[in-house]
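What follows is a single structure, written as structure tokens, with notes after it.
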Amino acid sequence: MLGIAGDGGFVIVDLDRQGHETGRITGAAEDLAPAVRLHEQRRSPRWVLADSAEACPPLLADGVRLARAHDLRLVHRILAGSELVRDPGPLRGAAAWAAPLEEHVPSPEEHAALFELGASSGGGRGGVPHGIDEMLAELARQRTAIEGSDGPDRLRLLAAGESVGGLVAAELHAAGIPWDVEAHDAILRAVLGPRPAHEQTPPEMVRAAAEVRTALGDPRVGLDSPPRLLRALHRAGIDAPSTSRWDLEAIDHPAIAPLLRYKKLSRLHTANGWNWIRTWVHEGRYRPLYAPGGVVTGRWAASGGGALQIPRLLRPVLTADPGWVLVGADVAQLEPRVLAAMSGDTAMARAGAGQDLYAGIVDAGIVPTRQEAKIAVLGALYGGTTGDSGRLVPRLRSTFPVAMALVDEAARTGERGGTVTTLLGRSSPPPEERWSRSQRTANGPDASEAEQALARRSARDRGRFTRNFVVQGTAAEWALTWIALVRQSLDGLDPVPEHAAAARSGPVAAHRAHLVYFLHDEIVVHAPREHADAAAAAIRAAAEGAGRLLFPGSEVDFPLDLEIRDPSALP
DNA sequence: AGGTAGAGCGCG
DNA sequence: AAAGCGCGCTCTACCT
């Protein structure tokens, strides 16, 4: 094992399997990349990093990538909260390692400065320690915590996966999403009309707004302020409870259709319009920041342009470089499959085997339509109690009792104020002090009716959170394993000749198939055309591998929807 | 003027 | 047809 720290210069410490130091190299910052490259080639070590988000970008810029890592910051966050760790005291005492992932959302300029120049002048982001002694001490705490835990194998797998996530996150940012600005502009023009002069409202929005004003008989009303709009609707005799799409759709009035159209256009224009392109796309690449484990459940977060909310309308804008293709893959019904596998519910496993899980539920005669199957399953995962969801979930409970018992138990634990844990050992946060206090008060002798009702509601809210946590969190672990295996096997492909290189993806990705996008249960790989089929095969094999690693012996499969997009292919 | 909360909507 | 989980971002209203 090796440790690495960047405080102007660098230190590389060799460690043996027991964590004892066997050698040490120091050097100046400018010599870091060559030194790391040499170690990587000769030893292929597991690099111990204080914070891969800070360590990787300058290395990637110099064409150096790490195959394996242990990210002290990311792993600390997991271990300090994991129920599997018997004595989390030492970890919790080392609070500097629990620094928030991001102090604030960086401006576009900071984005560039932080990650493209790899500006690391001592300190470290968010106060994460970078001194070699602090790193060695934290590594020792983490090893002790894992080895003495109630699930060392699970936590080792999670630590490795989360750490690869740190590497992948940095690599995704460095490579960027290949973004066809002209295609984006064409879609905007088709939907919003010709691009207006700066900061003007696009023509189609103007047109929709005029129709709304005519229909309301209110020539001046603005549509961008919900309170004003709601008052205007009321004045026009429209009894809308709110201005949300859901409520408006239920209303029959000539103003509603153009209003909904206006909202749709406005959303596209403000969130992903011409301004967005100018701000976030440079030289054909969109480079958001990814934060592995940025969500409590272990899902990734992202910042900078809303990378995880790219509208489906704009997905065609992702376009491979000349000579390259995009291979997109997503898992069909990941979360219910994960539930079936982790609970060991063989009936549920069979419903999804080799086919659409919802269709399988229809085939089994549990509900008449696919749509109802979906509502039932989502209700089971989210804790739906009303409407169709409340009506359909009980049918699932009698057909898939094992799977339902797992989520129902997680919900009961949460309602009691308890903690739940994913398959690999990530635990839900404990309830806030306010929550516990209100539960105690409500159970006291002189609690009011209102206090009790409020406490019951917040208990059920927390139950729905913990119910979903075990499934969403374990699904995130499956996805992490999937991308780790995809990355590993793409690295095994031969580099392609220079003429086919996607140079804009940076030196590390220029000659090889590489990941360019990851969204919970979906990935996109940018691959040289001659590697399209190999990349697709790698993605499928990785999904099978992730299933076997997390759920050995399970019948549950993880089928993919996979598509190879070749921009030069004839339509 | 500047910070924050809420509404609303995009994604899974 | 139905609102149950997790997010980030933009705009507006409202606060200091």
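Just so it is clear: chains get the letters A, B, ... in the order the sequence lines come, proteins before strands, and each one is counted from 1.
- Residue A:S266 is classed as having no contact, given no heavy-atom separation below 4.0 Å to the nucleic acid.
- A:L519 comes within 4.0 angstrom of sugar-phosphate atoms only, judged by non-hydrogen atoms across all strands, and of no base.
- Taking the ring centroids of A:Y286 and A:W276, they lie under the 6.0 Å cut-off.
- If you check every strand for non-hydrogen atoms under 4.0 Å, A:A302 touches sugar and phosphate atoms only.
- Residue contacts shown for A:W300 are absent, as no nucleic acid heavy atom lies under 4.0 Å away.
- Taking only side-chain atoms of A:P311, from C-beta outward, the nucleotide of C:dC5, B:dG10, C:dA13 with the closest atom is B:dG10.
- A:R315 comes within 4.0 angstrom of the backbone, heavy atoms only, and of no base.
- Remark on DNA chain C: of its neighbouring residues A:T270 and A:D247, the 5'-side contact belongs to A:D247, judged by nearest-heavy-atom nucleotide.
- In this structure, A:N272 atom CG and B:dG8 atom P are separated by 20 Å, rounded to whole Å.
- The residue A:R464 sits close only to the backbone: its heavy atoms come under 4.0 Å of sugar-phosphate atoms, none of a base.
- When the nearest nucleotides of DNA chain C are assigned to A:R267 and A:G390 by heavy-atom distance, the more 5′-ward of the two goes with A:G390.
- Residue contacts for A:R467: at a heavy-atom cut-off of 4.0 Å it reaches no nucleic acid atom on any strand shown.
- For the OP1/OP2 pair of C:dA13 and a distance below 4.0 Å, the side-chain nitrogens and oxygens of A:R228 include at least one atom meeting the criterion.
- Residue A:K264 has a polar side-chain atom (N or O) positioned under 4.0 Å from OP1 or OP2 of B:dG10.
- A cation-pi arrangement is not found for A:R73 relative to A:W97, the charged atom failing to lie both closer than 6.0 Å to the ring centre and inside a 45° cone about the ring normal.
- Of all heavy-atom pairs between A:L381 and A:V471, the closest is CD2-CG1, 3.9 Å.
- Applying the Watson-Crick and G-U wobble criteria (two distances, each under 3.5 Å), C:dG4 pairs with nothing in any strand.
- In summary, the side chains of A:T419 and A:E83 do not present any donor paired with an acceptor at a separation below 3.5 Å, with no hydrogens or angles considered.
- Within 4.0 Å (heavy atoms only), A:G384 reaches at least one base atom of the nucleic acid.
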